[in-house]
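Here's the structure we're looking at; comments come further down.
Here the structure is a predicted model, which means the values were calculated and not measured. Along the sequence shown, residues carry numbers from 1.
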Amino acid sequence: MKNTVFLGALAAAGLASGLASAATLDDVKARGELNCGVNTGLVGFAAPDANGNWSGFDVAICKAVAAAVLGDASKVKYVPTTGQTRFTALASGEVDILSRNTTWTFSRDADLKFTFIGVNYYDGQGFMVNKSLGVTSAKELDGATVCIQTGTTTELNLADFFKTNNMTYSPVTIETNAEGEQQFLAGACDAYTTDASGLAATRAAFANPDDYVILPEIISKEPLGPLVRHGDDQWADITRWAMNALIAAEEYGVTSANIEELSKGTENPEINRLLGAGEDNLGAMIGLEKDWAKKAIIGAGGNYGEIFAATIGESTPIGLARGLNAQWTQGGLLYTPPFR
């Protein structure tokens, strides 16, 4: 589920985003609702239930921002986007933020005029095959047919990997993950390639997930995270620090169970500033209430670790370990600037 490499086709989107007005906060408040671009449906990350209620790891970012800005995590309109439509949706103003397993790349940041507000999942591209194929390594896929989503970084990574290893492949292009799942299960391709987290989420939704294996090779760096349009620094700050609040809360030991008690005041000045419990008013600096971060954490369903465990962690069908997504104090890459 990565991110587009076809810059020519997106030049117009980049121009539009560069001309974005710096009034997103005012627009969201006036509308009374946050428009959040999400995946068309990827279990664990962003997917609606039978009643149309969205949940997932990426959805939590939408809820955190809505809670911080509007005081209500439910005030979100979820806009499903594909790999090809997501950037146009953001550039045109259809969505206020894109929270949809999107890779932070140079060209998307600079050429398409988007601002990535951080990384909420460190990932890499992998391959999934049916166990019956008898393949144990991606380097055994010479001559294979590979299902691949268009409009993503996956395409270039795939081409580079096969070229580097002197192998050939036949691509089977798909538009959405649902289509990829259907084609893969129908035997239209020998392998399915996307972010390793996306493969885990896709496999978890299969009727017989144990019949499929994710191969060990990770062939790319895929720092996934939310993004907004260039041209509105205040909105970028709000969304960036709303996500940082979730990460910092885990580091400081702020959880959904103790946040109300801690928000009364602690001996830790950093926690006090985060929760608006001290004299400092960080919220005023970005046009929000003093307790904006507290609202964001509660709205998202807890701190980063709680969200991870509940949506995609090892106790869920997706079964992802923290790995690189552990706190920096635990050997991972999660690290947020200070709240001061």
Tell me if a side-chain donor or acceptor on K131 pairs with a main-chain N or O of D210 at a distance below 3.5 Å.
yes

Strictly below 4.0 Å, N to O, side chains only: are R240 and D237 in salt-bridge contact?
yes

Check whether the ring centres of Y169 and F161 lie less than 6.0 Å apart, and answer yes or no.
no

Quick one: does N35's side chain have a donor or acceptor within less than 3.5 Å of a partner on D96's backbone?
no

Candidates I148, T145, V146 - the one meeting side chain to side chain contact (heavy atoms under 4.5 Å, CB included) with C189:
T145

SB check E270 R340 (cutoff 4.0 Å)
yes

Assess whether a salt bridge exists between K294 and E260, defined as any Lys/Arg side-chain N lying under 4.0 Å from an Asp/Glu carboxylate O.
yes

Validation row, ring centre F339 to ring centre Y252 under 6.0 Å:
no

Any side-chain donor-acceptor pair under 3.5 Å between E222 and T153?
yes

Worked check of side-chain hydrogen bond (donor to acceptor under 3.5 Å, both in side chains) between N39 and N177
CA-CA 9 Å; N39 202 293; N177 186 68; over 6 Å; no

Tell me if the aromatic rings of Y192 and F127 count as close, with their centers under 6.0 Å from one another.
no

Donor-acceptor contact present, side-chain E217 to main-chain S137, <3.5 Å:
no

Is the side chain of N208 donor-acceptor paired with the backbone N or O of D211 at a distance under 3.5 Å, no angle test?
no

Would you call the rings of F308 and Y121 parallel, tilted or perpendicular, where under 30° means parallel and over 60° means perpendicular?
parallel

So does K29 pair up with E289, basic N to acidic O under 4.0 Å?
no

Do T85 and T88 meet the criterion of a side-chain donor-acceptor pair at a distance under 3.5 Å?
no

Between E279 and N272, does any side-chain donor sit less than 3.5 Å from a side-chain acceptor?
no

